[in-house]
Amino acid sequence: MRELEYTVLELEKESKKTCDFCSKFENKNNKSVHQIRSRSKVTGEWISDDMVCERCEEKYWNDELSKCNRCGRLQTKLDFDIVNGKNVCYCIRNNEDLEEKELPLLPHEEISQSTFYERQINSLQEQLNETEEALEIEREEAVKFQEKSEEWSKRQKQELLDRIKQLEEENGNHKEEIKRLKTQLEQLTSQQVAQIEVKETKRWSWLKIKGN
């Protein structure tokens, strides 16, 4: 397939033309918003100017518009053959010679301003696309990091809550054990006091008998 350069350009003036890629039956709002200019990548020769609506321009950026396998032209609604039910490109209808040779510019020749600016636009557009892709990747990584951080925070929080619960349970058990030991201590103390009182009673009784 011949290699073409496609450049999306602003309309030179307020255009009342409709989109070259869709009809009113497909898209009620098919008013053109931009034009797509095609040039040969080898020679810089102008190939076509196609009007495009907002919806079809989005398809263009998503690489969803059909292209001729032979000449690389974007296939418009005018290329559709009702009889065959298929696209029949301009290059086939006009038996276009697609052989191209890149000829060196002569000293007095210069690349046209239009071609120069279009190539600058394409170069900047490629850089913009790369930057947007890189930015999107960074955003996705940031979201993933945030999700992981939130997940980690939730896990840490849950671990802390579980630990607090465990400590509270242990604390409760310790309190119960302390209470039980205090009760045993009180009982033991009471027994000891009782034993001492019994001994004292017996001692005084013995001393009283001895004194008599």
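Treat the numbers as computed from the prediction; the structure is a model and nothing was measured. Position 1 is the first residue of the sequence; numbering continues from there.
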Query raised in the report: Can you check side chain to side chain contact (heavy atoms under 4.5 Å, CB included) on Gln35 and Leu11, steps first, answer last?
Result: CA-CA 6 Å; Gln35 60 179 322; Leu11 297 174; 4.1 Å; yes
If you measure from [atom1] on [X] to [atom2] on [Y], what distance do you get to the nearest 0.5 Å?
X: Asn87; Y: Thr76; atom1: CG; atom2: OG1; answer: 8.0 Å
X: Glu151; Y: Glu147; atom1: CD; atom2: CD; answer: 9.0 Å
X: Lys67; Y: Leu65; atom1: NZ; atom2: CG; answer: 8.5 Å
X: Glu3; Y: Lys41; atom1: CD; atom2: NZ; answer: 5.0 Å
X: Tyr90; Y: Asp79; atom1: OH; atom2: CG; answer: 11.0 Å
X: Trp61; Y: Tyr6; atom1: CH2; atom2: OH; answer: 12.5 Å

Are the side chain of [X] and the backbone of [Y] linked by a donor-acceptor contact shorter than 3.5 Å?
X: Ser32; Y: His34; answer: no
X: Asn62; Y: Glu58; answer: yes
X: Lys77; Y: Cys19; answer: yes
X: Asn30; Y: Cys22; answer: yes

Query - Note: Arg73-Asp50 ion pair, threshold 4.0 Å (strictly below) - result: no
Query raised in the report: Pick from Gln158, Glu159, Lys157: which one makes a side-chain contact (heavy atoms from CB on, under 4.5 Å) with Arg155?
Result: Glu159
Report task. Determine the sole option in Glu140, Glu132, Glu138 for which the side-chain contact (heavy atoms from CB on, under 4.5 Å) test with Glu136 is passed. Result ->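 The single option meeting the side-chain contact (heavy atoms from CB on, under 4.5 Å) with Glu136 is Glu140.
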Please list, chain by chain and in numerical order, all residues satisfying salt bridge (Lys or Arg N to Asp or Glu O under 4.0 Å) with [X], sequence neighbours excluded.
X: Asp20; value: none
X: Asp49; value: Arg37
X: Asp162; value: none

Report summary line: Of all heavy-atom pairs linking Leu4 and Ser38, the shortest is CD1-CB, 4.3 Å
